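Notes for the one structure printed next.
What you see is a predicted model, and the numbers here were worked out from it, not measured in a lab.
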Amino acid sequence: MSQQEPAHSPSGPGTPLRAKAEKQLARSKRPAPAETPQEVIHELQVHQIELEMQNEELKQAHNALEESRDKYFNLYDFSPIGYFTLTCDGLIAEANFTGAALLGLPRPQLPRHRFRQFIAPEDVERWDRTLLAAFEHEENQVCEATIRLKDGSEFQARLVCAQVAPATSRSMMMVRVAIGDISDRKRAEKAVRESEQQFRALFENMQDGASFCEMVFDAGGRPVDFVYLAVNDAFGRLTGLQDVVGKRVTEVLPGIREAHPELFDTFGRVAQTGKPERFEIEFKPLGILFTVSAYCPQPGHFAAIFDDITARKKAEEVLRHAKETLEVSVVQRTAELRKSRDLVEAGQQRFHQVLDMLPCYVVLLAPDYTVPFANKFFEGRFGKSEGRRCYEYLFNRTEPCENCETFKVLKTGQNHHWEWTGPDKRNYDIYDFPFKDVGGSPLIMEVGLDITEIKQAQAALKQSNETLEQRVAERTEQLESSQQRLMLAMRVAAIGVFEWDALNDVATWGNTRMAEILGQQPDDPTISRAQMVGEVVHPDDVLIFEKALAEARKPGQSYHATFRIRRRNDNALRWVEVMGRFAFAPDGTPVKLLAVMQDITERKEVENFLRAKNAELEHFNKIMIGRELRMIELKRQVNGLCAKLGQPPRYTNETADEQRP
């Protein structure tokens, strides 16, 4: 029989199964039939054992397969993810328990439904494309859609589609769909988006400037630059810088590293250590004072929130110079307010410390007139309540005040502002606000600012204003008297006054003397600059007139010129002298010339007469000097001839050197 079995038989000689069968036969005590040859019996027995072993292995394999199938069905049916098997028409062929629960139908009813009917109408087109792609491609296809149940409820789902197994035809193909409820994730994503939108709105609408930057370090770890990643609208409004996102600060503000190296050190320290810092800086490139709060939202980055305090600093400087005692108060209050702001930012647990450090009193009043809270300022001025009502320990009364301004807030529910003179005889500026306790019970929060010094300053200012008004009235009277004397002097000196509008070329006579000088009647129209140059000024003196006018247009210069004119009524040639000064607009443009004009013809005639007489005297003097010189030369020649003749000089008292002029 062994010769008839194929060589490749798994039970042939030399196979493991054959060896096992032979070993088991050797251990067996089965006798061989007496009438059968020993070899045939041996082979039959071995073959029988092989069959028994094969049957046992088949049983084990079947049991393992059954166990694996049971595990698969358990995993499939009770998986936390819903599974569906769809036909090529989109009908549900199979579903697990989770899938049936998600769709809200009993499992046996699902095979009669099309899966598409559970997709929300707005997502049907997306689902159809995904399912079609799953039938056409072996890769998994994924989409997100809204599952809408028959009862109207719905949830967000993530659908993963995959081919079950290759099929010989399209009609035999099936797709398995894994469905997961992602409603919680979608709600979380929506909450994150809304939170981001709220943060962005807060970031963009906050009044303080804010920027988010990435720090740049060199190879040695030293901060050398930073890049703007995001800024809000207030950043541009406060700094005047625009389009800075994505740029380095050294590109936006060249020279900033040299001007403010401490700024890079501070921001670099915050970005490296993560510890927030707060400081003030006079930003030289922009000429602005800032308070800056810097913190580290992530390693290597920093966020800076800053406020322009330039105006506040200037106000502090003015107050500091105004009164030395007030300077100390302003500095102390500014420091206290800064400390209070820092303490508030530290957390709610330091709230009472902040209130105690305020330079004003803060008190909470209950409807029964008790004082649940008072800061140290209030207790320092008025003492502790120790459970007593406000009217008891402030005014030593047994009944509430008849017209209590504070408790009007409980009746109106509105803020109330008033002034109060306290038992310490000091003036307070009072602000009352409706307030809710932790349990919701109504309270009144009252804030009182000590304005005694301000009141005293206002009284002093009022007194000063009254004194100033009296002095102004006296000075006005003096100016009017001076003006009258000036007008009298101008009339005596025959000086004309005029005003010329340089922008509109319109002249206005200040007195009647101007019309007399120009040869006009007092009610005649005034003349323009063009008429002055073309009709009045002598042609030879026009250049003098224009040059003086151009020089006077320069700031700090005045108009002064002497030229000839022809009077308009009799064409008489007259000399005039003009002096004046321009008034300038804020941009430096000359707008108005205020000047005086005087007829100096008689003075010019006297000057010309004297000049002619001086010329005649000089000519006569030159003739007399020439005659004297000739006489001296003749005497010298006579003395020379006498010397040649051996005679004494004729003119002994005069020598040539002595007579030389």
Side-chain angles (χ1 to χ4, degrees), residues 207 291 307 309 311-345 350-366 369-385 389-391 393-395 400-401 403-437 442-465:
Q207 295 302 309
T291 57
D307 184 23
I309 60 170
R312 191 189 75 192
K313 286 295 183 181
K314 290 181 178 178
E316 291 174 358
E317 188 65 23
V318 171
L319 292 174
R320 189 178 298 111
H321 287 293
K323 194 174 182 182
E324 187 173 347
T325 55
L326 186 60
E327 172 192 2
V328 175
S329 176
V330 169
V331 171
Q332 290 175 346
R333 291 188 181 185
T334 302
E336 290 172 359
L337 288 174
R338 188 179 298 113
K339 291 178 182 177
S340 299
R341 185 170 60 249
D342 294 340
L343 290 172
V344 170
E345 293 174 355
R350 303 181 67 183
F351 177 68
H352 290 280
Q353 298 177 10
V354 173
L355 294 179
D356 287 340
M357 296 180 67
L358 289 174
C360 59
Y361 78 70
V362 179
V363 62
L364 294 178
L365 299 168
Y369 297 94
T370 57
V371 184
F373 171 81
N375 67 349
K376 290 183 179 179
F377 188 99
F378 187 87
E379 292 179 348
R381 293 290 178 93
F382 310 112
K384 295 184 179 181
S385 65
R389 290 173 172 79
C390 59
Y391 56 82
Y393 83 97
L394 288 178
F395 305 108
C401 302
N403 297 311
C404 182
E405 292 287 336
T406 300
F407 280 83
K408 289 182 178 179
V409 173
L410 292 180
K411 297 178 181 179
T412 64
Q414 303 293 325
N415 299 344
H416 186 40
H417 179 206
W418 54 292
E419 290 186 7
W420 175 55
T421 301
D424 57 355
K425 306 303 181 182
R426 298 188 68 83
N427 296 317
Y428 294 92
D429 193 16
I430 307 298
Y431 294 86
D432 290 322
F433 307 95
F435 193 80
K436 292 290 185 181
D437 201 356
L443 295 174
I444 301 172
M445 182 175 70
E446 182 168 287
V447 180
L449 303 176
D450 187 343
I451 58 171
T452 306
E453 287 78 8
I454 296 176
K455 284 289 187 181
Q456 293 172 353
Q458 288 176 346
L461 180 61
K462 182 179 179 181
Q463 176 104 26
S464 177
N465 287 338

Just by distance, do the side chain of Asn375 and the backbone of Cys360 share a donor-acceptor pair under 3.5 Å?
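Pair found, side chain donor or acceptor close to backbone of Cys360.
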Could you list the residues that satisfy side chain to side chain contact (heavy atoms under 4.5 Å, CB included) with [X], not counting sequence neighbours?
| X | answer |
| --- | --- |
| Thr421 | Asn427 |
| Asn415 | Phe433, Pro434 |
| Asp429 | His417, Glu419, Tyr431, Leu449, Ile451 |

Tyr369: which residues meet the ring pair (Phe, Tyr, Trp, His ring centres under 6.0 Å) condition with it, sequence neighbours left out?
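Tyr391, Phe407.
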Output all residues satisfying side-chain hydrogen bond (donor to acceptor under 3.5 Å, both in side chains) with Ser385, sequence neighbours left out; order by chain, then residue number.
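For Ser385 there are no side-chain hydrogen bond (donor to acceptor under 3.5 Å, both in side chains) partners, ignoring immediate neighbours.
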Partners passing side-chain hydrogen bond (donor to acceptor under 3.5 Å, both in side chains) against Asn403 (at least two apart in sequence or in another chain)
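Counting only residues at least two positions away or on another chain, Asn403 forms no side-chain hydrogen bond (donor to acceptor under 3.5 Å, both in side chains).
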Roughly how far, to the nearest 0.5 Å, is the [atom2] atom of [Y] from the [atom1] atom of [X]?
| X | Y | atom1 | atom2 | result |
| --- | --- | --- | --- | --- |
| Leu364 | Phe378 | CG | CZ | 10.5 Å |
| Ile444 | Cys390 | CD1 | SG | 9.0 Å |
| His416 | Ile430 | NE2 | CD1 | 10.0 Å |

Side chains of Leu365 and Leu443 in contact at under 4.5 Å (non-hydrogen atoms)
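Not in contact.
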Quick one: does Phe435's side chain get under 4.5 Å of Val409's, heavy atoms only?
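Not in contact.
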What are the two closest heavy atoms between Ala374 and Val371, and how far apart are they?
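Residues Ala374 and Val371, closest heavy atoms: CB-CG1, 4.2 Å.
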Run the side chain to side chain contact (heavy atoms under 4.5 Å, CB included) test on Arg426 and Glu453 for me, step by step, so that the C-alpha distance in whole Å, both residues' side-chain angles and the decisive distance to 0.1 Å come before the verdict.
CA-CA 9 Å; Arg426 298 188 68 83; Glu453 287 78 8; 2.8 Å; yes
Ring pair (Phe, Tyr, Trp, His ring centres under 6.0 Å) partner of Phe382, the single match among Phe395, Phe377, Tyr393, Trp420:
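With Phe382 as partner, Phe395, Phe377, Tyr393, Trp420 yield a single ring pair (Phe, Tyr, Trp, His ring centres under 6.0 Å), made by Trp420.
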Inspect the contact between Glu405 and Lys408 and indicate whether a charged nitrogen and a carboxylate oxygen are less than 4.0 angstrom apart.
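Salt bridge: yes.
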Of Lys376, Glu379, Glu446, which meets side-chain hydrogen bond (donor to acceptor under 3.5 Å, both in side chains) against Tyr361?
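Between Tyr361 and the candidates, side-chain hydrogen bond (donor to acceptor under 3.5 Å, both in side chains) is satisfied uniquely by Glu446.
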